[in-house]
Amino acid sequence: MSENRRQFWKRSSKLPGSFSSNHPRIHLNHPKSRKASSFHEFARSTSDAWDIDDDESEEILHSVSYQTFGSKMTDTDVEITSNFKRPEENSSPTIVTSVSEDQLHRVTTDASVLRKPLQKLQSHPFRPIIPLVARISDQNASGAPSMTLREKTRLEKFRQLLSCPNTDLDELRKCSWPGIPRDVRPITWRLLSGYLPANKDRRQMTLQRKRAEYFGFIEQYYDSRNEEHHQDTYRQIHIDIPRTNPLIPLFQQPLVQEIFERILFIWAIRHPASGYVQGINDLVTPFFVVFLTEHVEDDVENFDVSTLSPETLKNIEADSFWSMSKLLDGIQDNYTFAQPGIQKNVKALEELVGRIDGQVHSHLQKYEVEYLQFAFRWMNNLLMRELPLRCTIRLWDTYQAEPEGFSHFHLYVCAAFLIKWRKEILDEVDFQGLLMLLQNLPTIHWGNEEIGLLLAEAYRLKYMFADAPNHYRR
């Protein structure tokens with residue numbers, strides 16, 4: 001293996017894609033390092049935490065040109081055809097009050113500002129600042145124009161399906177594939193995930209039973225977090241929780257962090273084959289936000305959850321646990337020893353891209369970029385580190401409507417996502433530039449339109465290749 005690729009394996013404890021003083025782009029040389037002896041060692045040495053307290057920020061600020069990278073971010077503008085627009089997507093998003101558009105512009109273009117004493121937001125321009133420029137909520141939330149006739153028709157269709165004595169789940173999936181209206185997303189996600197039954201009369205009874213069962217687990221297991229054989233698990237969860245979406249105030253509230261700690265610890269105890277693995281903490285957040293929106297009109301990012309009743313919070317916590325558990329049941333081999341599911345998917349992605357865009361594939365090979373170096377995180381975190389959270393929620397509408405969405409369709413989404421950046425990839429002509437691009441793709445202004453196009457392309461790839469695997473095997 002070349003020195004370029006060897007150097008990559010020796011990682012700090014920071015986020016994959018973060019830049020330390022040892023990064024090859026900073027010093028422009030490649031110190032020798034020992035090759036990881038196994039995939040497990042690689043995965044173990046790779047932290048999925050968002051750590052925004054970078055001691056080396058000052059050195060990086062003096063070494064990297066921001067104007068070049070900032071200019072690339074404008075390339076995210078795409079031409080959207082009316083065929084792929086959803087009603088919810090027609091209104092412009094509201095910006096989070098904690099940062100202004102002008103502040104964001106200065107972060108990416110004004111190096112003199114960046115060299116001054118910095119707040120956490122500004123301490124590292126390559127850190128994911130996505131949540132601060134893109135609202136969690138749908139783009140048709142408060143402040144948007146009134147619903148169009150098409151929006152009202154779609155919402156009414158959902159309500160009719162959900163009010164039937166026995167909801168037709170196939171029809172519900174068909175309606176959900178292009179996106180689920182915000183008002184009915186919580187109940188629809190519960191049904192599509194398999195958490196709730198299709199029979200309307202059984203739903204309330206099921207909710208009561210499953211919520212009681214979850215808090216029975218809390219009573220039975222949670223005190224054991226202080227026992228010696230569970231201390232390592234709890235300690236890792238306790239470290240990772242504050243790093244989960246650190247720039248969104250909602251997730252920094254102690255009450256929310258306690259909820260996440262309980263959810264993740266109970267799941268780990270009940271799934272000893274995998275236990276807790278970094279990255280699973282991210283998978284709680286979409287469910288928590290969606291179930292919270294049943295009780296919050298807008299500005300979810302800054303909502304004070306202590307204003308909700310204890311009973312409401314308990315219900316959100318239990319529903320998030322069971323929904324996350326249903327998701328992980330389908331992809332648990334991503335998190336067992338040596339993470340075989342991720343290895344298989346990364347290899348499949350490499351083979352698929354080699355068939356659908358040989359130029360991009362050859363370009364990565366030419367500069368010795370391994371797919372594992374960027375796609376590990378895509379698989380481990382289901383693209384959550386690459387997209388704004390509101391885009392993840394929209395993406396998961398389709399994943400839950402698509403058969404084996406998280407385990408199988410995700411591969412084609414990753415392939416479409418990579419090819420989306422083919423121009424930017426081909427413009428980079430060295431290992432370091434490619435890796436920097438692929439680990440920090442400029443999606444901060446993405447919305448439902450871009451996700452709709454990405455999903456349409458992923459579906460096309462699946463239609464072409466899913467039933468003909470020899471087509472993407474060399």
Step-by-step side-chain contact (heavy atoms from CB on, under 4.5 Å) determination, I419 to I425:
CA-CA 9 Å; I419 302 306; I425 289 170; over 6 Å; no

Assess whether side-chain contact (heavy atoms from CB on, under 4.5 Å) is satisfied between F260 and E317, documenting all intermediate values.
CA-CA 8 Å; F260 279 29; E317 177 177 346; over 6 Å; no

List the steps and the verdict of ring pair (Phe, Tyr, Trp, His ring centres under 6.0 Å) for Y276 and Y335.
CA-CA 8 Å; Y276 172 74; Y335 305 105; 9.3 Å; no

Run the side-chain hydrogen bond (donor to acceptor under 3.5 Å, both in side chains) check on T312 and H295 step by step: do they pass?
CA-CA 9 Å; T312 296; H295 312 281; 4.7 Å; no

Test side-chain contact (heavy atoms from CB on, under 4.5 Å) on L395 and T398; report intermediate values, then the result.
CA-CA 6 Å; L395 188 67; T398 298; 5.8 Å; no

For the pair Y214 and W322, evaluate ring pair (Phe, Tyr, Trp, His ring centres under 6.0 Å) and give the outcome as yes or no after the intermediate values.
CA-CA 8 Å; Y214 168 71; W322 287 115; 7.2 Å; no

For the pair F217 and F265, evaluate side-chain contact (heavy atoms from CB on, under 4.5 Å) and give the outcome as yes or no after the intermediate values.
CA-CA 10 Å; F217 295 153; F265 183 77; over 6 Å; no

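Contact detail for P249 and N302: the closest heavy-atom pair is CG-OD1, 3.2 Å. Smallest separation of non-hydrogen atoms from S274 and Q332: OG-NE2, 3.4 Å. Closest of all the heavy-atom pairs between E428 and L437 is CG-CD2, 4.2 Å. Closest non-hydrogen pair, L283 versus M324, comes out as O-CG, 4.2 Å. Closest heavy-atom contact between R203 and L191: NE-CD2, 3.8 Å. Residue A415 comes nearest to L352 through the heavy atom pair CB-CD2, 3.7 Å, listed as atom of the first residue, atom of the second, then distance.
Within the 3.5 Å criterion, the main-chain N or O of L255 finds no donor-acceptor partner in the side chain of E258. No donor-acceptor pair under 3.5 Å is formed between the side chain of E402 and the backbone N or O of H410. Put simply, the side chain of S323 never gets that close to the backbone of S320: no donor and acceptor are under 3.5 Å apart. Using modelled atom types, one side-chain atom of T443 and one backbone atom of E386 make a donor-acceptor pair closer than 3.5 Å. Side-chain N or O atoms of N381 include none that pairs as donor or acceptor with a backbone N or O of M384 at under 3.5 Å. In terms of modelled atom types and a separation under 3.5 Å, the side chain of Q343 and the main chain of A338 share a donor-acceptor contact. Counting only distance, with no hydrogens or angles, the side chain of Q400 and the backbone of L192 share no donor-acceptor pair below 3.5 Å. Using modelled atom types, no side-chain atom of Q373 and backbone atom of Q439 make a donor-acceptor pair closer than 3.5 Å.
Classified by interplanar angle (parallel below 30°, tilted 30° to 60°, perpendicular above 60°), the ring pair F251/F288 is tilted. Note: H271 and W267 have parallel aromatic rings, judged against thresholds of 30 and 60 degrees for the angle between ring planes. Ring geometry, W396 versus F287: the interplanar angle falls from 30° to 60°, so the pair is classed tilted.
Paired with F321 under the rule side-chain contact (heavy atoms from CB on, under 4.5 Å), one option of V284, I263, I316 passes, and it is I263. With F374 as the fixed residue, the side-chain contact (heavy atoms from CB on, under 4.5 Å) test singles out one of L438, L441, L434: L438.
Within a 6.0 Å radius of CG in D232, no more than 12 heavy atoms belonging to other residues, nucleotides or ligands are found. For E227, the CD atom sits in a packed shell: over 12 heavy atoms of surrounding residues, nucleotides or ligands are nearer than 6.0 Å. A 6.0 Å sphere centred on CZ of R235 holds no more than 12 heavy atoms belonging to other residues, nucleotides or ligands. The local environment of NE2 in H238 is sparse, with at most 12 non-hydrogen atoms from other residues, nucleotides or ligands closer than 6.0 Å.
Among pairs with a residue in residues 324-348, none fulfils salt bridge (Lys or Arg N to Asp or Glu O under 4.0 Å), at least two apart in sequence or across chains.
With a 4.5 Å cut-off on side-chain heavy atoms, H445 and P388 do not count as touching. When side chains are defined from C-beta on, F376 counts as touching Q339, because their heavy atoms get closer than 4.5 Å. Put simply, the side chain of Q432 does not reach to within 4.5 Å of the side chain of L435, judged on heavy atoms. Residues I241 and L264 meet the side-chain proximity criterion, which asks for heavy atoms closer than 4.5 Å. Side-chain contact check for Y399 versus V413: some heavy-atom pair is nearer than 4.5 Å. By the 4.5 Å heavy-atom criterion applied to side chains, V300 and I248 are not counted as neighbours. Under the 4.5 Å side-chain criterion, counting only non-hydrogen atoms from C-beta, D282 is not in contact with L382. The shortest distance between side-chain heavy atoms of L162 and L172 falls below 4.5 Å.
Atoms CD1 and CG, from I342 and N334 in turn, are 4.5 Å apart once rounded to the nearest 0.5 Å. Distance check: D299 CG to L250 CG gives 10.0 Å after rounding to the nearest 0.5 Å. A distance of 7.5 Å separates CD1 of I451 from OG1 of T392, quoted to the nearest 0.5 Å. Distance check, rounded to the nearest 0.5 Å: CZ of R394 to CG of L455 gives 5.5 Å. Note that CD of E370 is 10.0 Å distant from CG of L364, once rounded to the nearest 0.5 Å. Distance check, rounded to the nearest 0.5 Å: CZ of R377 to CG of N380 gives 10.0 Å.
In this structure, R211 is not positioned above the aromatic face of F215 in the sense of NZ or CZ being under 6.0 Å from the six-membered ring centre and within 45° of the axis.
Taking the six-membered ring wherever Trp is involved, the centroid distance between the rings of Y221 and H230 does not fall below 6.0 Å. Between W189 and F291, the distance from one ring center to the other does not fall under 6.0 angstrom. In this structure, Y367 has its ring center no closer than 6.0 Å to that of F431.
Checking T244 against N281 by side-chain atom types alone, a donor-acceptor pair falls below 3.5 Å. Side chains of Y412 and E457: a donor-acceptor N/O pair is absent below 3.5 angstrom, by distance only.
Classification of K210 and E213 as a salt-bridged pair holds, one side-chain N sitting under 4.0 Å from a carboxylate O.
By the side chain to side chain donor-acceptor pair (under 3.5 Å) test, E294 is found to be paired with R190, residues two or more places apart in sequence or in another chain being considered.
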